[in-house]
Number of protein chains: 2
Amino acid sequence: MSLLVVGSVAFDSIRTPQGDSGRILGGAATYFSLSASFFTQVRVVAVVGDDFTQKEEQVLLNRGVDTSGIVRQPGKSFFWAGEYGENVNEAKTLDTQLGVFASFNPQVPEKFKDSEYLFLANIDPVLQVAVRKQMNGARFVGGDTMNYWINGHRSALGEMLQNVDALLINDSEARLLAQDPSLARAAQKVLDMGPKALVIKHGEYGATVFFRDGAFGIGRHPFRAPTLPIEQVTDPTGAGDSFAGGFMGYIASQSQLTREVFKRAMFYGGVMGSFAVEAFGTERLQKLTKPEIEERYRIFRELTHLE
Amino acid sequence: MSLLVVGSVAFDSIRTPQGDSGRILGGAATYFSLSASFFTQVRVVAVVGDDFTQKEEQVLLNRGVDTSGIVRQPGKSFFWAGEYGENVNEAKTLDTQLGVFASFNPQVPEKFKDSEYLFLANIDPVLQVAVRKQMNGARFVGGDTMNYWINGHRSALGEMLQNVDALLINDSEARLLAQDPSLARAAQKVLDMGPKALVIKHGEYGATVFFRDGAFGIGRHPFRAPTLPIEQVTDPTGAGDSFAGGFMGYIASQSQLTREVFKRAMFYGGVMGSFAVEAFGTERLQKLTKPEIEERYRIFRELTHLE
């Protein structure tokens with residue numbers, strides 16, 4: 001079934017101990033779309049500038065992503081330059097240029113409004129809520145946010161949290177949002193703010209999904225999925241968005257939202273995140289095949305399962 | 001089968017956000033013994049002072065631990081005072097008094113020399129090697145160490161690493177020992193130093209075992225076990241030693257060392273560590289029952305397993 005993502009399509013320039021990417025295609029919605037495209041039909045709503053050419057669009061089209069919701073405006077696309085040191089969990093921002101993204105006011109095209117699954121990538125929570133309200137028919141809505149919105153836009157974020165079924169954030173964001181250093185307690189506090197499910201991404205340690213009591217009729221026990229211990233992380237950019245793409249994409253591909261579907265979605269999220277970091281930018285996702293995904297899913301299972 | 005542990009039996013005084021323990025029984029060998037005692041027959045070799053009374057010994061005897069290898073010497077037992085803040089992964093040492101432990105020179109009693117399983121808790125690697133040499137019949141040897149020995153006693157530690165089958169350390173110790181910030185790469189480097197298996201404990205994220213190629217005839221794929229997301233960590237002291245006790249105790253209880261036994265041992269390690277942190281000192285381990293252990297093992301499985 002159709003999955004709509006609203007977020008950034010952008011350019012990045014990334015330096016890691018493994019090298020320098022130069023100016024490459026990036027953006028949360030880009031990583032998300034490519035990742036989810038292995039599971040379901042994906043539609044994107046975003047804004048780009050004159051520098052977004054046929055070449056960049058072709059990357060999404062090659063994966064069957066519907067790009068007709070990407071609006072072109074005069075000016076430059078969002079641009080981010082960052083650097084990672086030996087600690088791949090921390091990016092240092094070198095430059096941010098909002099460009100046309102500064103006035104992003106996402107309008108969902110009529111023909112996209114029948115999308116049953118919606119992902120609100122990390123943008124202003126006011127815009128996330130506005131998009132959510134254009135999509136009243138959505139069966140399941142996922143969302144992301146970041147420290148910037150948690151610190152300075154708590155009231156808007158509070159409304160956003162009332163409007164998503166699942167929130168996907170990382171450890172430090174969960175602790176900051178709940179203002180509690182205990183991850184398990186923080187999870188309960190965030191669930192009390194609105195979402196029925198909270199997926200906390202632990203970077204190289206995997207991810208845990210926590211459920212509100214009675215949510216989806218599947219019980220409140222958490223579930224934890226691993227990632228692969230990877231010897232060489234080339235570029236961690238987009239790992240979280242690729243996780244979200246695998247997670248939401250798998251859910252959208254299933255007719256029912258059972259506990260087992262949630263569990264498999266967590267595994268596919270981890271699988272897609274683990275591929276994303278193997279090369280700069282979206283390079284690895286562009287070359288990926290479904291058999292490679294299934295093979296890694298099998299390895300994740302082997303990594304964690306008793307007989 | 002019999003499992004011998006050599007290490008510290010001590011007193012601790014612990015402050016955490018949940019309170020102050022006062023002077024209580026502690027020490028790596030104490031936590032290890034209590035934890036392992038749920039799986040197999042445990043024997044301890046340690047040194048204590050006059051302050052170690054029948055009351056403390058009874059804690060071990062109640063769990064069927066053979067305490068006849070605990071040598072009493074005039075003076076005080078090893079004492080450690082520490083404090084944990086909101087980050088339960090970091091202890092601040094307030095006081096250390098070595099006491100009789102300063103001249104610890106472990107001699108394995110003749111009647112203990114038939115122990116088939118041996119655990120070298122965190123002591124001077126020179127002593128660990130000396131104990132190992134007294135136990136030539138041991139089928140499987142586990143060992144622990146810490147930053148102090150990694151930083152300042154690398155050559156002695158190198159010999160210790162050639163003398164253990166499995167090394168159990170945490171993330172920061174693995175990175176420090178291998179001098180590599182990537183955990184997966186660090187694991188391979190540590191395995192190159194001697195041990196056939198390396199168990200890296202990730203605190204609240206669980207633990208991963210890495211194998212040397214061909215070790216134990218069980219393949220080199222790593223295996224990851226979870227811990228429970230716990231809302232209230234009362235006292236993290238002894239979590240790692242309790243993990244080691246569950247891990248080694250389970251292995252010692254099985255007739256063969258298969259991949260499946262290793263995997264279950266990782267789960268039991270996590271289970272025992274998760275219980276240890278629920279109360280101050282060894283309090284929770286003292287009250288624990290086998291059905292509680294099996295129930296939590298089932299929960300760990302539910303937390304991580306697809307259908």
Side-chain angles (χ1 to χ4, degrees), chain A residues 17-18 84-89 171 174-175 179-189 198 200 202-210 219 221-233 258-268 270 297-307, chain B residues 17-18 84-89 171 174-175 179-189 198 200 202-210 219 221-233 258-268 270 297-307:
Chain A
Q18 274 62 57
Y84 300 87
E86 288 295 349
N87 179 354
V88 295
N89 298 312
D171 286 7
R175 292 193 175 102
Q179 303 189 293
D180 195 317
S182 153
L183 217 48
R185 273 203 313 265
Q188 291 311 313
K189 290 182 183 173
L198 171 66
I200 304 185
H202 312 309
E204 65 179 312
Y205 302 114
T208 307
V209 57
F210 296 86
H221 294 298
F223 183 73
R224 182 168 282 187
T227 51
L228 207 60
I230 293 179
E231 297 201 10
Q232 187 68 75
V233 172
T258 64
R259 181 169 170 85
E260 194 58 25
V261 166
F262 254 108
K263 286 156 67 171
R264 284 190 230 120
M266 290 291 289
F267 264 65
Y268 280 114
Y297 182 89
R298 197 194 59 69
I299 291 172
F300 271 42
R301 191 177 184 128
E302 166 77 7
L303 178 70
T304 51
H305 281 45
L306 302 165
E307 251 167 35
Chain B
Q18 273 61 60
Y84 299 87
E86 288 295 348
N87 179 354
V88 296
N89 299 313
D171 286 7
R175 291 194 176 102
Q179 303 188 292
D180 194 316
S182 153
L183 217 48
R185 273 202 313 263
Q188 291 312 313
K189 289 182 183 174
L198 170 66
I200 304 185
H202 313 309
E204 65 179 312
Y205 301 114
T208 308
V209 57
F210 295 87
H221 293 298
F223 183 73
R224 181 167 284 186
T227 50
L228 208 59
I230 293 178
E231 297 201 10
Q232 188 67 75
V233 172
T258 63
R259 181 170 170 85
E260 195 58 24
V261 165
F262 253 108
K263 285 156 67 170
R264 284 189 230 120
M266 290 292 289
F267 264 65
Y268 279 114
Y297 182 89
R298 197 193 59 69
I299 291 172
F300 271 43
R301 191 177 182 126
E302 168 77 5
L303 179 71
T304 51
H305 280 46
L306 302 165
E307 251 166 35

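Convention: sequence-line order gives letters A, B, ...; per-chain numbering from 1.
- Interface residue Thr227(A): backbone and side-chain heavy atoms are both found under 4.5 Å from chain B.
- In this structure, Glu307(A) contributes its side chain and Glu260(B) its backbone to no donor-acceptor pair below 3.5 Å.
- Only the side chain of Tyr297(A) comes within contact range of chain B, with heavy atoms under 4.5 Å apart.
- Interface remark: Glu204(A) contributes backbone and side-chain atoms alike to the contact with chain B (heavy atom separation under 4.5 Å).
- By the side-chain hydrogen bond (donor to acceptor under 3.5 Å, both in side chains) test, Arg301(A) is found to be paired with no residue, residues two or more places apart in sequence or in another chain being considered.
- The parts of Pro229(A) that come within reach of chain B are both its backbone and its side chain, each placing non-hydrogen atoms under 4.5 angstrom from that chain.
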Next on the checklist: Apply side chain to side chain contact (heavy atoms under 4.5 Å, CB included) to residues Tyr205(B) and Leu183(A) and explain how you reach the verdict.
Outcome noted: CA-CA 11 Å; Tyr205(B) 301 114; Leu183(A) 217 48; 4.1 Å; yes
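- Taking Ala184(A), Pro222(A), Pro226(A) one by one and counting their heavy-atom pairs under 4.5 Å with chain B, the maximum is reached by Ala184(A).
- A distance of 11.0 Å separates CE in Met266(A) from CG in Leu306(B), rounded to the nearest 0.5 Å.
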Next on the checklist: Could you go through His305(A) and Lys263(B), starting from their C-alpha distance and side-chain angles, then the distance that decides it, and tell me whether this counts as side chain to side chain contact (heavy atoms under 4.5 Å, CB included)?
Outcome noted: CA-CA 8 Å; His305(A) 281 45; Lys263(B) 285 156 67 170; 5.7 Å; no
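- Counting only distance, with no hydrogens or angles, the side chain of Arg224(A) and the backbone of Thr304(B) share no donor-acceptor pair below 3.5 Å.
- Applying the salt bridge (Lys or Arg N to Asp or Glu O under 4.0 Å) rule to Glu302(B) yields the partners Arg259(A); only residues at least two apart in sequence or on another chain are considered.
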